[in-house]
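Data block below; observations after.
Keep in mind that this is a model prediction, so the values were computed, not measured. Hydrogens, waters and symmetry mates are skipped; everything else that's a heavy atom, side chains included, is used. Remember, it's 1-based here, ligands and their atoms both numbered in the order they're listed.
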Amino acid sequence: MASDKKEKLSGIKGMNDVLPQDAALWELFENTAQSVVQSYGFQQIRTPIVENTALFARAIGAVTDIVEKEMYSFTDSMNGDALTLRPEGTAGVVRSVIEHNLAYEGPKRLWYKGPMFRHERPQRGRYRQFHQFGCEAIGFTGPDIDAEIILMCRRLWDDLGLDNIRLEINSIGDASERAAHRAELIKYFEAHAEQLDEDAKRRLHSNPLRILDTKNPAMQELVNGAPKLLDFLGAESLAHFQGVQDILNRSNVQFTINPRLVRGLDYYNRTVFEWITEELGAQGTVCAGGRYDPLIESFGGKPTPGVGFAMGIERLIELMKVAGEPALPSQCDVYMVHQGSEAQTQAFILAERIRDAGLDVVLHCATPGGAGSFKSQMKKADASGAAFAVILGEDEIKNGTAVVKPLRDREAQQVAVAFDDVVEHVVDDIVGNDHDHDHVHYHH
Ligand code: HAM
């Protein structure tokens, strides 16, 4: 290397590292979410991060923020294919379901998680690489499944100990109902053309429904007076929407109907919903979804209804931090402290035996500072969150024993235990004290 100055490497704006401390929180969230959706019979599906650009343009809609300006699209330099980093998960799941004829076997309850990419302006809760945990229920027609996935979300908030998330729902009807509403909407906005901002003018004839979603304060009054889609719904759509509300009411799920909830993706019909918190500032939607009955047929599949949602994992992690410091799993159950080469050999043997018994063990290893004094090793043992330090020094080697020192229970005494009894001693205590891990607890 020619240059003396070593340039510092940095990551890409809006794309974040998740460091070990936070990663433990992510794992807690993901494991809790996974166990909740599995308790409703959802099965995991994994699809690629890269898909053909055309898939997203067709699924999400050409005149949407995502497709117009937020996609990471590129040309495959090997063969000229137009590719895109997935901005969301539904399109890829639906593509996979059609490609593998999954829906022909019967209805499917699917879940997924992973990174999504949108070239948005980064701010708190809004990133260019972000992560979703999502579910898609494919092949179910009734309001029952819509209500079920909402109940599933509520169970997750309960298990995570999050009680500050509220639910908004709406029905956006079917295509012909939206067409009738759209005609009236365009008439209304045309009659007030002087009050439209640039975005609204551009969308007036391409996607007027999205004007209702405007964040521009100057347009709020105009939008409030606009014809409401709910007033254009026919009997079937209304009955479906009522069916969802009935189940939610009987299940004690609180919600408000927001007639202006229209969602930013074009594939939706009928039920749409968002879970929103006030604790995170402007980006307070932690979960959003709805029904997309026409999507599979529009991709050339057999007509098959669908409904689903996706959660923003970053936002939920933030919310968990707001709720307090969750009790996280420790790095290990046992930390092995040793001094001298005989003791090190014995520590390796004991550590493997304890792992054979199913526990997590961190064995102290040398660092650039050296092997570490007894005291500095004990500090590391404390910081690891282990329940026990198992300590081996010259005396222990002579006696054929190890010292087992409880680290969390300050009352408990350390004891010298024969090599052969260490595993049993440690396992009995840890397994005997295993607590209920069903719910996430917070320290305040
Ligand atoms: P979405 O509303 O675009 O829907 O995204 C769902 C959630 O992902 C949002 O509510 C938010 O929590 C999170 N999210 C979106 N963009 C960002 C970002 N730039 N940074 C951080 N978090 C973000 C969908 O993606 C649909 N596929 C949901 C769905 C599934 N509908 C039916 N099935």
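Within 6.0 Å of the CD atom in E194, the count of heavy atoms belonging to other residues, nucleotides or ligands exceeds 12. Other residues, nucleotides and ligands place no more than 12 heavy atoms under 6.0 Å from the CD atom of E236.
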Exercise. Between E184 and R182, does a salt bridge (Lys or Arg N to Asp or Glu O under 4.0 Å) hold up when you go through it step by step?
Worked result: CA-CA 5 Å; E184 288 305 307; R182 182 192 153 106; over 6 Å; no

With a cut-off of 3.5 Å and sequence neighbours excluded, list every side-chain donor-acceptor pair involving residues 293-307.
{"residue": "D293", "atom": "OD1", "partner": "R291", "partner atom": "NH1", "Å": "2.7"}
{"residue": "D293", "atom": "OD1", "partner": "G306", "partner atom": "N", "Å": "3.4"}
{"residue": "D293", "atom": "OD2", "partner": "N269", "partner atom": "ND2", "Å": "3.1"}
{"residue": "S298", "atom": "OG", "partner": "L295", "partner atom": "O", "Å": "2.7"}
{"residue": "T304", "atom": "OG1", "partner": "K302", "partner atom": "O", "Å": "2.6"}

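When each of Y292, F309, F42, W111 is checked for a side-chain contact (heavy atoms from CB on, under 4.5 Å) with E136, only Y292 meets the rule.
Between the side chains of D174 and S176, a donor-acceptor pair is found at a separation under 3.5 Å.
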When you check ligand 1 against the protein, what N or O pairs turn up below 3.5 Å? List the atom names and distances, or just say none.
{"residue": "ligand 1", "atom": "2 (O)", "partner": "R263", "partner atom": "NH1", "Å": "3.1"}
{"residue": "ligand 1", "atom": "2 (O)", "partner": "R263", "partner atom": "NH2", "Å": "2.9"}
{"residue": "ligand 1", "atom": "3 (O)", "partner": "R118", "partner atom": "NH1", "Å": "3.0"}
{"residue": "ligand 1", "atom": "3 (O)", "partner": "R118", "partner atom": "NH2", "Å": "2.8"}
{"residue": "ligand 1", "atom": "4 (O)", "partner": "R263", "partner atom": "NH2", "Å": "3.0"}
{"residue": "ligand 1", "atom": "5 (O)", "partner": "Q132", "partner atom": "NE2", "Å": "3.2"}
{"residue": "ligand 1", "atom": "8 (O)", "partner": "Q132", "partner atom": "NE2", "Å": "3.2"}
{"residue": "ligand 1", "atom": "10 (O)", "partner": "T285", "partner atom": "O", "Å": "3.3"}
{"residue": "ligand 1", "atom": "12 (O)", "partner": "T285", "partner atom": "O", "Å": "2.8"}
{"residue": "ligand 1", "atom": "12 (O)", "partner": "G312", "partner atom": "N", "Å": "3.2"}
{"residue": "ligand 1", "atom": "16 (N)", "partner": "R118", "partner atom": "NH1", "Å": "3.4"}
{"residue": "ligand 1", "atom": "19 (N)", "partner": "E120", "partner atom": "OE2", "Å": "2.7"}
{"residue": "ligand 1", "atom": "19 (N)", "partner": "Y127", "partner atom": "O", "Å": "2.9"}
{"residue": "ligand 1", "atom": "20 (N)", "partner": "Y127", "partner atom": "N", "Å": "3.0"}
{"residue": "ligand 1", "atom": "25 (O)", "partner": "R118", "partner atom": "NH2", "Å": "3.2"}
{"residue": "ligand 1", "atom": "25 (O)", "partner": "Q132", "partner atom": "NE2", "Å": "3.0"}
{"residue": "ligand 1", "atom": "27 (N)", "partner": "E88", "partner atom": "OE1", "Å": "2.5"}
{"residue": "ligand 1", "atom": "27 (N)", "partner": "T90", "partner atom": "OG1", "Å": "2.8"}
{"residue": "ligand 1", "atom": "27 (N)", "partner": "Y267", "partner atom": "OH", "Å": "2.9"}
{"residue": "ligand 1", "atom": "31 (N)", "partner": "Y268", "partner atom": "OH", "Å": "2.6"}
{"residue": "ligand 1", "atom": "33 (N)", "partner": "T90", "partner atom": "OG1", "Å": "3.2"}
{"residue": "ligand 1", "atom": "33 (N)", "partner": "E136", "partner atom": "OE1", "Å": "2.8"}
{"residue": "ligand 1", "atom": "33 (N)", "partner": "E136", "partner atom": "OE2", "Å": "3.1"}
{"residue": "ligand 1", "atom": "33 (N)", "partner": "F309", "partner atom": "N", "Å": "3.3"}

